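Structure record follows, encoded as structure tokens.
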Amino acid sequence: MTTPLLLGAIIGGAFGGGFFLFCLWLNAKDAQRRYPELRIPVPANAQNDPLFHIWCDASHYQQQPDGSYQSTRRGILADSGEIHFEHNEMLVYEVIDIGFARRRFALNAPVVLARAIRQRKVRQLNKLLKHWQIAPLDDTF
């Protein structure tokens, strides 16, 4: 009697987990398509500002060999971030790692994925933007 019940629970759990991952992947794909990046005009050589490096340490970003900065949070179903500099612009991404796919989209995208975490990240980013005398980003997406 318990074997069919246990088998049903395992199959239901696997189906539910698979459906959850599919929905997460689909939402991340849509966010990437609709909100590919967040571009912020910054002062020249902003990436060399000592306060930027202090902010990176406090926000858990590390410089990569390609010059980008990536959040040190890693793992399956982890949300992390990436920062790139192009000319006098800072590009800020949220990265969702689903295990079989990684999706990048704008940190301030008005989507449900990791909303509370991204709002906290935007509030932290606004502290850096205030130092550079740049208007803060809206964190009520």
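What you see is a predicted model; the values in this text were computed from it and never measured. Just so it is clear, the values below take in all heavy atoms, side chains as well, and ignore hydrogens, waters and symmetry mates.
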(message) Tell me the closest heavy-atom pair linking Tyr61 and Ser71, and the distance in Å.
(response) CD2-N, 3.5 Å

(message) Working to the nearest 0.5 angstrom, can you tell me the gap between Leu107 CG and Ile117 CD1?
(response) 11.5 Å

(request) Look up atom OG1 in Thr3 and atom CG in Leu7, then write down how far apart they are to the nearest 0.5 Å. (result) 8.5 Å

(request) Could you tell me whether the side chain of Arg115 and the main chain of Phe141 form a donor-acceptor pair under 3.5 Å? (result) yes

(message) Is it the case that the side chains of Lys121 and Gln124 hold a donor-acceptor pair, with the cut-off being a distance below 3.5 Å and no angle test?
(response) no

(request) Would you indicate whether the side-chain heavy atoms of Val95 and Ser80 approach each other to under 4.5 Å? (result) yes

(request) Find out whether Tyr69 and Gln64 are in side-chain contact, i.e. whether some heavy atom of one side chain is under 4.5 Å from a heavy atom of the other. (result) no

(request) Report yes if the distance between the aromatic ring centroids of Phe22 and Phe15 is under 6.0 Å, otherwise no. (result) no

(message) With a 4.5 Å cut-off on side-chain heavy-atom distances among I, L, V, M, F, W and Y, is there a chain of contacts connecting Leu38 to Ile96?
(response) no

(request) Find out whether Pro43 and Ile134 are in side-chain contact, i.e. whether some heavy atom of one side chain is under 4.5 Å from a heavy atom of the other. (result) yes

(request) State, to 0.1 Å, how close Glu94 and Ala114 come at their nearest heavy-atom pair, and which atoms those are. (result) OE2-CB, 4.4 Å

(message) A side-chain contact here means heavy atoms from C-beta on lying under 4.5 Å apart; do Val111 and Asp30 qualify?
(response) no

(request) Show your working on side-chain contact (heavy atoms from CB on, under 4.5 Å) between Asn108 and Tyr35 and close with a plain yes or no. (result) CA-CA 9 Å; Asn108 64 344; Tyr35 310 100; over 6 Å; no

(message) Does this structure show an ion pair linking Glu82 with Arg104, if we count only N-O contacts that are shorter than 4.0 Å?
(response) yes

(message) What's the separation between atom CZ in Arg34 and atom NZ in Lys29, rounded to the nearest 0.5 Å?
(response) 14.0 Å

(request) Report the distance from atom SG of Cys56 to atom CD of Gln47, rounding to the nearest 0.5 Å. (result) 10.5 Å

(message) Keeping His131 on the side-chain end and Phe52 on the backbone end, is there a donor-acceptor pair under 3.5 Å?
(response) no

(message) Using a strict threshold of under 4.0 Å (side-chain N to carboxylate O), is an ion pair present between Glu86 and Arg39?
(response) yes

(message) Strictly distance-based, threshold 3.5 Å: is any side-chain N or O of Arg118 a donor or acceptor partner for the main-chain N or O of Asp139?
(response) no

(message) Between Ile83 and Tyr93, is there a side-chain heavy-atom distance shorter than 4.5 Å?
(response) no

(request) Consider only side-chain heavy atoms of I, L, V, M, F, W and Y, link residues closer than 4.5 Å, and tell whether Leu128 and Phe85 are in one cluster. (result) yes

(request) Report yes or no: does Asn27 contribute a side-chain atom to a donor-acceptor pair with the main-chain N or O of Cys23 at less than 3.5 Å? (result) yes

(request) Say whether Phe20 and Leu113 are linked into one hydrophobic cluster, either directly or through other cluster members, by side-chain heavy-atom distances under 4.5 angstrom. (result) yes

(request) Side-chain contact test, heavy atoms from C-beta onward, threshold under 4.5 Å: evaluate it for Leu137 versus Ile40 and give yes or no. (result) yes

(message) Could you tell me if the side chain of Trp132 sits less than 4.5 Å from the side chain of Asp49, heavy atoms only?
(response) yes

(message) Assess, by modelled atom type and distance only, whether the side chains of His84 and Asp66 contain a donor and an acceptor separated by less than 3.5 Å.
(response) no

(request) Report yes if the side chains of Phe105 and Arg33 come closer than 4.5 Å at any heavy-atom pair, otherwise no. (result) no

(request) Establish whether Leu21 and Phe19 are linked, either directly or via other cluster members, by ILVMFWY side-chain heavy-atom contacts under 4.5 Å. (result) no

(message) Determine whether a donor-acceptor pair (N or O, by modelled atom type, separation under 3.5 Å) exists between the side chain of Ser59 and the backbone of Trp55.
(response) yes

